[in-house]
Amino acid sequence: MKGRTILSIAAAVIALAGVERAAMAIQACPDGNNCAQVTVDAGSAANPLKVGDTFEVHLVFKQGPDNAQAGGIDEIAALALTLSMGGGSSTPITLATCTLDGNGFPSVDVLPNAAISNFNVVVENANCSNGRMHCLCPDAGQTRDNFINLVIYGPNPLPTPGPGGIDIPTFPAGPQTLVTLDLKVAPGANGPIPLRIINQVEDTSRPQFTAFLSVGDKLAVDQTCVPVTGQPPCSATDGVSQVVIINAQVTVMGPPSCVGDCDNSGEVTVTDLITMVNIALCDDQPGCAQLSTCPVGDANGSGKIEITEIISGVNNALNGCPTPAAR
């Protein structure tokens, strides 16, 4: 049992690392009452959000109906997914703080529920260690990911094998929040931003370094689609999903076009200009003034305040903010 479970988890992590596999669209679950359910819940987020705002997203899981057998869609014990935060090449949403613990895990921004304290929670792309050139929390100029690769599996800690084998725990019947994510609206974000789980019902391809949703039961059987004997999971031409996915979106109100009006007071003050200069000089170094204290100073959405933007702020301070009709 242990060997099969570890192999299943290893396969999920390999998929998240960006190894391509053949993909085809599969049919949606025909009856949600007979399937498991994964929900992206951003319902508590204020709408609309503003640049610099932080908000919570809950990943909620619900087991499928009891099939009165060992394993199956009612005994899901492992979950691997990519949560896309905006899609495309832009990065409108980031982790709120990117505070990493000694293991490189974003323990401040990714909060496992106490109900799954006996499970491991892995954020595969949290840090740019080992020469990696993209991640959620770059530390040396790498590309910032606009997606979260998440794997949840048990037991935690992994016990020493014995003559009785290892009992693999299953997720709560639910609906139950498995993980809460603390996220932040990045400079340049505007309009509706989708928060969605990449899956083979809606997607026939996926961006590089991401993965399709995958769930496995306590017997280490992939239950993402109705199992077809002798074929890899979800590869049959008539494959049917056993998981219902409910995605979310947040709406971001773009910053006012009066560059330099840090407190949105309607005018650019000397204090605002000093703030902009401090941010520009700090260049996002730890302990320095951060862009989040004046997101409207970043008029072009570059993630920093440039000399041309300071000049625009000075002009607005001298001449007044443009009227709404002129903006």
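Please read all numbers here as calculations on a predicted model, not as lab measurements.
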If every non-hydrogen atom of [X] is compared with every non-hydrogen atom of [Y], which pair is closest and at what distance?
| X | Y | answer |
| --- | --- | --- |
| Ile26 | Cys234 | CG2-O, 3.9 Å |
| Val185 | Val51 | CG1-CA, 3.8 Å |
| Leu136 | Met85 | CD2-CE, 4.1 Å |
| Val259 | Met276 | CG1-CE, 4.4 Å |
| Ala126 | Cys135 | O-CB, 3.9 Å |
| Gln249 | Pro194 | CB-CA, 3.9 Å |

Using a 4.5 Å cut-off on heavy atoms from C-beta on, say whether the side chain of [Y] contacts that of [X].
| X | Y | answer |
| --- | --- | --- |
| Leu59 | Thr39 | no |
| Ile73 | Asp217 | no |
| Ile245 | Leu213 | yes |
| Ile246 | Gln37 | yes |
| Met133 | Thr143 | no |
| Val268 | Cys258 | yes |
| Arg144 | Thr94 | yes |
| Thr180 | Val57 | no |

Distance (rounded to the nearest 0.5 Å) between [X] [atom1] and [Y] [atom2]:
| X | Y | atom1 | atom2 | answer |
| --- | --- | --- | --- | --- |
| Ile93 | Asn146 | CD1 | CG | 10.0 Å |
| Thr54 | Leu183 | OG1 | CG | 9.0 Å |
| Asn199 | Phe212 | CG | CZ | 8.0 Å |
| Asn127 | Asp139 | CG | CG | 8.0 Å |
| Asp272 | Thr269 | CG | OG1 | 3.5 Å |
| Leu81 | Asn149 | CG | CG | 8.5 Å |

Do [X] and [Y] meet the criterion of a side-chain donor-acceptor pair at a distance under 3.5 Å?
| X | Y | answer |
| --- | --- | --- |
| Ser214 | Asp222 | yes |
| Gln69 | Asp74 | no |
| Asp203 | Gln200 | no |
| Asn278 | Thr275 | no |
| Asp263 | Ser265 | yes |
| Thr97 | Asp109 | yes |

Contacts of Asn125 that satisfy side-chain hydrogen bond (donor to acceptor under 3.5 Å, both in side chains) - sequence neighbours left out:
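With neighbours one apart ignored, the set is Asp145.
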Quick one: list whatever passes side-chain hydrogen bond (donor to acceptor under 3.5 Å, both in side chains) with Gln242, sequence neighbours left out.
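Result, side-chain hydrogen bond (donor to acceptor under 3.5 Å, both in side chains) vs Gln242: Gln223.
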Does [X] belong to the same Ile/Leu/Val/Met/Phe/Trp/Tyr cluster as [Y], with side-chain heavy atoms less than 4.5 Å apart forming each link?
| X | Y | result |
| --- | --- | --- |
| Val226 | Val221 | no |
| Phe105 | Ile116 | yes |
| Val40 | Val215 | yes |
| Val277 | Leu291 | yes |
| Ile305 | Ile307 | no |

Has the side chain of [X] got a donor or acceptor atom that lies under 3.5 Å from a matching backbone atom of [Y]?
| X | Y | value |
| --- | --- | --- |
| Ser241 | Val243 | yes |
| Asn130 | Arg132 | no |
| Glu309 | Glu306 | yes |
| Asp41 | Val60 | no |
| Asn113 | Thr177 | yes |

Any salt bridge linking Arg196 with Glu202? Criterion: basic side-chain nitrogen under 4.0 Å from a carboxylate oxygen.
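Salt bridge present between Arg196 and Glu202.
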Given side-chain contact (heavy atoms from CB on, under 4.5 Å), test Asn316 with Asn319 step by step and report yes or no.
CA-CA 5 Å; Asn316 288 334; Asn319 303 317; over 6 Å; no
For residues 155-203, which residue pairs pass the ring-ring contact (aromatic ring centres under 6.0 Å, His included) check, not counting sequence neighbours?
Phe61-Phe171, Phe119-Phe171
Could you go through Leu79 and Leu178, starting from their C-alpha distance and side-chain angles, then the distance that decides it, and tell me whether this counts as side-chain contact (heavy atoms from CB on, under 4.5 Å)?
CA-CA 10 Å; Leu79 170 68; Leu178 300 183; 4.0 Å; yes
Let's go through Ile152 and Val122 carefully: what are the C-alpha distance in whole Å and the side-chain angles of both, what is the deciding distance for side-chain contact (heavy atoms from CB on, under 4.5 Å) to 0.1 Å, and is it a yes or a no?
CA-CA 6 Å; Ile152 307 174; Val122 178; over 6 Å; no
So that I can confirm a possible disulfide, could you see if the SG-SG distance for Cys137 and Cys128 falls below 2.5 Å?
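With an SG-SG separation of 2.5 Å or more, Cys137 and Cys128 do not form a disulfide.
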Please report the C-alpha distance between Phe209 and Thr82 in whole Å, then the side-chain angles of each, then the deciding distance to 0.1 Å, and finally whether the side-chain contact (heavy atoms from CB on, under 4.5 Å) criterion is met.
CA-CA 9 Å; Phe209 308 120; Thr82 294; over 6 Å; no
